Amino acid sequence: MTPSRFLATFGGCGLAPRAPGTVGSLAALVLGLPLLRRPKILLGAIGVVSVSGWWAADQAGDGEDHSWIVIDEVAGMWVSLLACLPENPEDPASTRRSLGLAVLAFALFRLFDIKKPGPVGYMDQKHGATGIMGDDLIAGAMAAACIKSARLMARHLPLSRG
């Protein structure tokens with residue numbers, strides 16, 4: 001296996017016989033959870049995975065978005081996690097909420113990546129590594145925007161006490 005293919009498959013996750021994109025996204029979620037407490041490292045990891053993923057997709061995929069290329073799912077999943085950072089990393093309740101939001105980010109990211117609404121679909125039509133990586137980065141940003149919006153609304157809406 002070439003280095004570009006190893007990276008494009010995210011260490012082989014993309015070689016899963018069923019739902020390789022979901023397998024890659026799930027692996028990204030598991031590896032991304034510890035990074036929720038280290039937002040600067042998460043941002044750096046997104047940058048590294050995006051740039052190296054663009055290279056790997058270009059080299060290994062010959063411009064085609066093969067199902068085994070899942071490095072794009074890793075980048076997009078990690079972008080969605082940016083909205084899940086705990087408000088107070090020292091507070092266990094805040095950390096638990098953050099983990100719950102990360103699961104929601106996974107679901108939203110997969111939904112947007114599969115259904116390809118609006119800008120995700122537009123970017124998916126681009127050829128080469130730009131389209132391969134771009135649609136997932138946008139899907140991740142859309143998932144993050146949904147979570148961020150929900151967090152803002154929850155802060156400003158009174159909760160009923162029953």
Side-chain angles (χ1 to χ4, degrees), residues 4-5 7-11 13-33 35-36 39-87 97-157:
S4 61
R5 189 169 175 118
L7 183 58
T9 64
F10 196 55
C13 291
L15 302 176
R18 292 184 185 238
T22 300
V23 171
S25 298
L26 188 57
L29 173 63
V30 170
L31 292 176
L33 288 176
L35 301 179
L36 290 174
K40 290 179 183 174
I41 294 174
L42 178 59
L43 274 171
I46 292 167
V48 168
V49 166
S50 296
V51 171
S52 61
W54 187 90
W55 170 81
D58 185 57
Q59 293 294 307
D62 297 321
E64 295 293 320
D65 192 0
H66 301 283
S67 62
W68 49 263
I69 298 176
V70 297
I71 192 67
D72 50 335
E73 272 82 6
V74 176
M77 185 65 229
W78 286 354
V79 166
S80 72
L81 290 180
L82 289 173
C84 304
L85 302 173
E87 293 172 352
R97 280 190 300 275
S98 182
L99 294 175
L101 289 171
V103 172
L104 178 59
F106 171 81
L108 288 170
F109 170 70
R110 290 306 297 148
L111 176 69
F112 295 145
D113 187 30
I114 291 166
K115 294 295 184 182
K116 304 205 181 303
V120 181
Y122 173 79
M123 186 56 75
D124 184 57
Q125 294 174 356
K126 301 286 181 194
H127 295 288
T130 301
I132 294 169
M133 294 299 294
D135 72 317
D136 290 271
L137 290 169
I138 293 171
M142 288 174 64
C146 289
I147 291 169
K148 193 70 170 163
S149 297
R151 288 180 95 169
L152 287 171
M153 286 191 304
R155 240 186 252 141
H156 298 295
L157 293 176

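Treat the numbers as computed from the prediction; the structure is a model and nothing was measured. Counting from 1, the numbers follow the sequence of the chain as shown. Values below: all heavy atoms of this structure, side chains included; hydrogens, waters and symmetry mates excluded.
Under the 3.5 Å distance criterion, the side-chain polar atoms of W78 are matched with a main-chain donor or acceptor of A28.
When all heavy atoms of V23 and C13 are compared, the pair lying nearest together is CG1-O, 3.7 Å. Among all heavy-atom pairs drawn from F112 and P117, the shortest one is O-CD, 3.4 Å. Annotation for R151 and A83: closest pair NH1-O, 2.7 Å, computed over non-hydrogen atoms. Considering every non-hydrogen atom in both V79 and A141, the closest pair reads CG1-N, 3.5 Å. The two residues S25 and F109 come nearest to each other via the heavy atoms OG-CE2, 3.4 Å. Here the shortest heavy-atom pairing between A102 and L81 reads CB-CD2, 3.7 Å.
Proximity of L82 to I46: side-chain heavy atoms (C-beta onward) are separated by under 4.5 Å at one or more points. Taking 4.5 Å as the limit, every side-chain heavy atom of L108 sits out of range of all side-chain heavy atoms of S80. Counting heavy atoms from C-beta outward, L85 and L42 have side chains that approach closer than 4.5 Å. Under the 4.5 Å side-chain criterion, counting only non-hydrogen atoms from C-beta, E73 is not in contact with P20.
Listed by first then second residue, pairs satisfying side-chain hydrogen bond (donor to acceptor under 3.5 Å, both in side chains) with a partner in residues 100-122 read T22-R110, R110-D113, D113-K116, K116-D135, Y122-K126, not counting sequence neighbours.
None of I71, V120, D72 except one satisfies the side chain to side chain contact (heavy atoms under 4.5 Å, CB included) rule with D136; the exception is D72.
Qualifying salt bridge (charged side-chain N to carboxylate O under 4.0 Å, His left out) partners for R155, counting only residues two or more places apart in sequence or in other chains: E87.
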